[in-house]
K.L.:
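This is the structure, below, for whatever I ask next.
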2 protein chains.
Amino acid sequence: MATTIRQVAAEAGVSIATASRALGGSSAVVEATRERVLGVAAALNYTPSRLGRSLATGSTGNVGVILPDVTNPFYTSFLAALESALGARDLGILVGDSHESLDGERALIRRMDTQVDALVLASSRLPDAEIVAASHRLPVVLANRRLDAAAIAPAGLSQIALDVGPGFAQAAEHLHSLGHTGIVYVDGPPQSWSGRQKRDTLTRACARLGMRLTIAPTVRPDFEGGRRALEAVDLDDTTAIVAFNDQVALGLLSALREAGVEVPTRVSIVGCDDSLPHGLAWPPLTTVDSSSRTLGELAAAATLGEGALRNTVPTHLIVRDSTGACPAASV
Amino acid sequence: MATTIRQVAAEAGVSIATASRALGGSSAVVEATRERVLGVAAALNYTPSRLGRSLATGSTGNVGVILPDVTNPFYTSFLAALESALGARDLGILVGDSHESLDGERALIRRMDTQVDALVLASSRLPDAEIVAASHRLPVVLANRRLDAAAIAPAGLSQIALDVGPGFAQAAEHLHSLGHTGIVYVDGPPQSWSGRQKRDTLTRACARLGMRLTIAPTVRPDFEGGRRALEAVDLDDTTAIVAFNDQVALGLLSALREAGVEVPTRVSIVGCDDSLPHGLAWPPLTTVDSSSRTLGELAAAATLGEGALRNTVPTHLIVRDSTGACPAASV
DNA sequence: CGAGCGAATGAAACCGGTTACATCAACCTA
DNA sequence: TAGGTTGATGTAACCGGTTTCATTCGCTCG
């Protein structure tokens, strides 16, 4: 159906080799010939087949991106940043949604790994060994995740992560300085690497500051998950909540409003990601600036760069209006 | 690097044709041979190259999806629905973000059209002629857009759209019955097909009901666009606002709250898409149920189905708490 | 004038699969 | 036993490009 390079070559009266060279901009073809070939190509509305080229050159011009949830704003802005950076180099994106499932992630990798130049895994739930195995077949960029053993860092495996340590430590200190004596942490998925970082940081900080720490689970780290998580929280006993991300915080905010609990007078809330446009949450959310756009830009840089990259971006707390002094009555 | 079918064939002591048949599950290969080939393939960790197969069979197993904005929840849930349905058939998705730009859309189509089996264009801003041209090269599914002339419906071009007519007419009637005498419509991008449907419907309904209609533009149909749009609205003179979508409505809500204008006592607001999880907006938003998930599912069906499809899904108004009686004082 | 050189082009192999067609053996039937 | 049929497998063409290597031609220089 579509015109091929052989048709162009035949029409222009040259060999396919010459046609290929002329179209590819090789200098080893005389001006008159080039023009003739280009003219014929234009007239025939010829577009080179990406497939044929991929097979011949061994590079596809596509990268695979696997996310736990395309619907989650954290990943969509990650994806948007990645897409912009790669698209500028005329690279395409094959996107896959693992739906937070291990098998889903495996299936996607299998489907993609013979047709992309590199693989970007966002918040992968895969065990270290499988990630390393994949990185032997093609370059892998691990975003928002880091392998346990720092020793084994295979070539072709980049690791981009946000260091939530500073931000979450500041969150605990901030709440401590406001007079709160305990924190409820509403967590993300159990296998989440960044979730573990957040838990660990809060655990250490609370121990240091002499605060109580309670951990509440979520089914999924989104708005609805946040709403549901509040059911497991003993409101009589809590004055401060830290959430896995802004979506969960938003859900908590919504459920608290329905329960008639005022924020921040009665309960303080801290989110994470700084992913909400100004004014979306009310009151404006105190949050940790774990920017997924930045994560996406760094992942793109790692994909484009040849060597393996290991990058950690520090975070910090942004204080807004969803945190306030601990109400004296409740201690 | 990766093992090829030739290596498998050699190792198993058969021709590549037999190897291909054994792996492909053809019945024309004796059991013993099949087992031997499959055993060798497993031992060598062989995965067939998607590229080689695509070139040989003429079908890639990928479909291209082009969206105006991957960050917009309307398109992400569209994408999620599409991804689920296509992924279940082991089809991959090449995603592109046109950033609401015509040239961006053209570039993406050019990059994709030789490496996908079909193209899904969501809210395409392209002129009819270019869409028709693309549909001559490969199957095209037009989502949330319809060609002007119903006469020219090329084979291989499907059109899936939500009929916002009923929903927006009901919105006008609803506001009319609450005593409002005028509506401000905060619009989407000027080239948007669905935007025109919404404008036209409101224009007709307002004429019929004897209401004033004012149209305010947005730079981009998102939260921030909604906030900015309020600057152009004369608040002394308006009691009811209809928004292009929920994101814009949310932005309006946020800006109104900052301006100290109460919803719905002072101003009523109607959104569109029903894209917000329950409780995200406060007060809960009266909206038109223009579900993008449904749109995605229908687009997937059109992509999978062989023939061209033309489908329209009706919408209706969902009344919640962001609309109320017109304040007597202001007329 | 002929050897030598470089520039432009062509022939053909190759990337990794699929598949139409040829081949060959075994079996069945007349 | 010869001829036909069937079933398993091999040979080779093909998909649409790129690239190595060989060829041809015109030119320069000794």
Side-chain angles (χ1 to χ4, degrees), chain A residues 1-38 40-41 44-62 90 110-117 137-138, chain B residues 1-38 40-41 44-62 90 110-117 137-138:
Chain A
M1 200 68 237
T3 60
T4 74
I5 201 173
R6 288 159 219 274
Q7 298 176 32
V8 173
E11 187 76 17
V14 297
S15 72
I16 54 175
T18 301
S20 175
R21 281 188 278 254
L23 292 163
S26 161
S27 58
V29 51
V30 82
E31 192 53 31
T33 311
R34 176 200 314 293
E35 276 178 19
R36 184 153 35 95
V37 172
L38 261 48
V40 170
L44 263 53
N45 194 21
Y46 166 76
T47 318
S49 158
R50 203 95 172 180
L51 281 151
R53 183 186 308 229
S54 301
L55 198 51
T57 60
S59 114
T60 63
N62 293 328
D90 202 36
R110 205 172 328 123
R111 186 197 296 156
M112 289 181 178
D113 68 1
T114 61
Q115 53 176 342
V116 296
D117 295 339
R137 293 201 296 279
L138 77 174
Chain B
M1 198 70 236
T3 60
T4 74
I5 200 172
R6 286 159 221 273
Q7 298 175 32
V8 173
E11 187 75 16
V14 297
S15 72
I16 54 174
T18 302
S20 175
R21 281 187 279 254
L23 293 163
S26 161
S27 59
V29 54
V30 83
E31 192 55 29
T33 311
R34 175 198 314 292
E35 278 177 17
R36 186 152 35 94
V37 172
L38 261 47
V40 170
L44 265 53
N45 193 22
Y46 167 76
T47 316
S49 157
R50 204 97 171 180
L51 281 142
R53 188 191 305 245
S54 300
L55 198 51
T57 60
S59 113
T60 64
N62 293 328
D90 202 36
R110 204 170 329 122
R111 185 199 296 156
M112 290 181 177
D113 68 1
T114 61
Q115 54 176 341
V116 296
D117 296 339
R137 292 202 297 279
L138 78 175

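A note on names: the letters A, B, ... follow the listed sequences, proteins ahead of strands, and every chain is numbered from 1. All of these numbers come straight from a predicted model, not from anything done at the bench.
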K.L.:
Which heavy-atom pair separates Val40(A) from Val8(A) by the least distance, and what is that distance?
P.N.:
CG1-O, 3.8 Å
K.L.:
Are any non-hydrogen side-chain atoms of Thr18(B) and Val29(B) less than 4.5 angstrom apart?
P.N.:
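Answer yes - side chains close enough.
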K.L.:
Send over the distance from Asp113(B) CG to dG16(D) C1', rounded to a whole Å.
P.N.:
15 Å
K.L.:
Is the backbone N or O of Arg50(A) less than 3.5 Å from a side-chain atom of Thr114(B), with the two atoms forming a donor-acceptor pair by type?
P.N.:
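Pair found, side chain donor or acceptor close to backbone of Arg50(A).
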K.L.:
If I take atom OG1 from residue Thr33(A) and atom CD from residue Glu35(A), how far apart are they, to the nearest 0.5 angstrom?
P.N.:
9.5 Å
K.L.:
Do the side chain of Asn62(A) and the main chain of Val116(A) share a donor and acceptor less than 3.5 angstrom apart?
P.N.:
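No; judged by distance alone, with no hydrogens or angles, the pair does not exist.
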K.L.:
If you round to the nearest 0.5 Å, how far is CD of Gln115(A) from CG of Leu138(A)?
P.N.:
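Rounded to the nearest 0.5 Å, the CG-CD separation comes to 11.0 Å.
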K.L.:
Under 4.0 Å between any heavy atoms, over every strand shown, what does Thr47(A) touch: base, sugar-phosphate, or nothing? Just pick one.
P.N.:
sugar-phosphate
K.L.:
For a quick check, with a 4.0 angstrom heavy-atom cut-off, what is the B/S/- contact string for nucleotides 8-15 of chain C, read 5' to 3'?
P.N.:
SBBB---B
K.L.:
In dot-bracket form, how is DNA chain C paired, counting a Watson-Crick or G-U wobble pair only if both its distances are under 3.5 Å and using | for bases paired to another strand?
P.N.:
||||||||||||||||||||||||||||||
K.L.:
Scan Ser49(A) against the nucleic acid and name what it touches under 4.0 Å (heavy atoms): base, sugar-phosphate only, or nothing.
P.N.:
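Sugar-phosphate contact only.
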K.L.:
Give me the atom names and distance for the closest heavy-atom approach of Ala22(A) to Leu38(A).
P.N.:
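What the structure gives for the nearest pair is O-CD1, 3.8 Å.
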K.L.:
For dG16(D), does either OP1 or OP2 sit under 4.0 Å from a side-chain N or O belonging to Arg53(A)?
P.N.:
no
K.L.:
Looking at Arg110(A) and Asp113(A), what are the two nearest heavy atoms and their distance?
P.N.:
O-OD1, 3.4 Å
K.L.:
Quickly work out the Ile5(A) CD1 to dG16(D) C1' distance and round it to whole Å.
P.N.:
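Nearest whole value for this atom pair: 8 Å.
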K.L.:
Rounded to the nearest angstrom, tell me the gap between atom CG in Leu51(A) and atom C1' in dT18(D).
P.N.:
15 Å
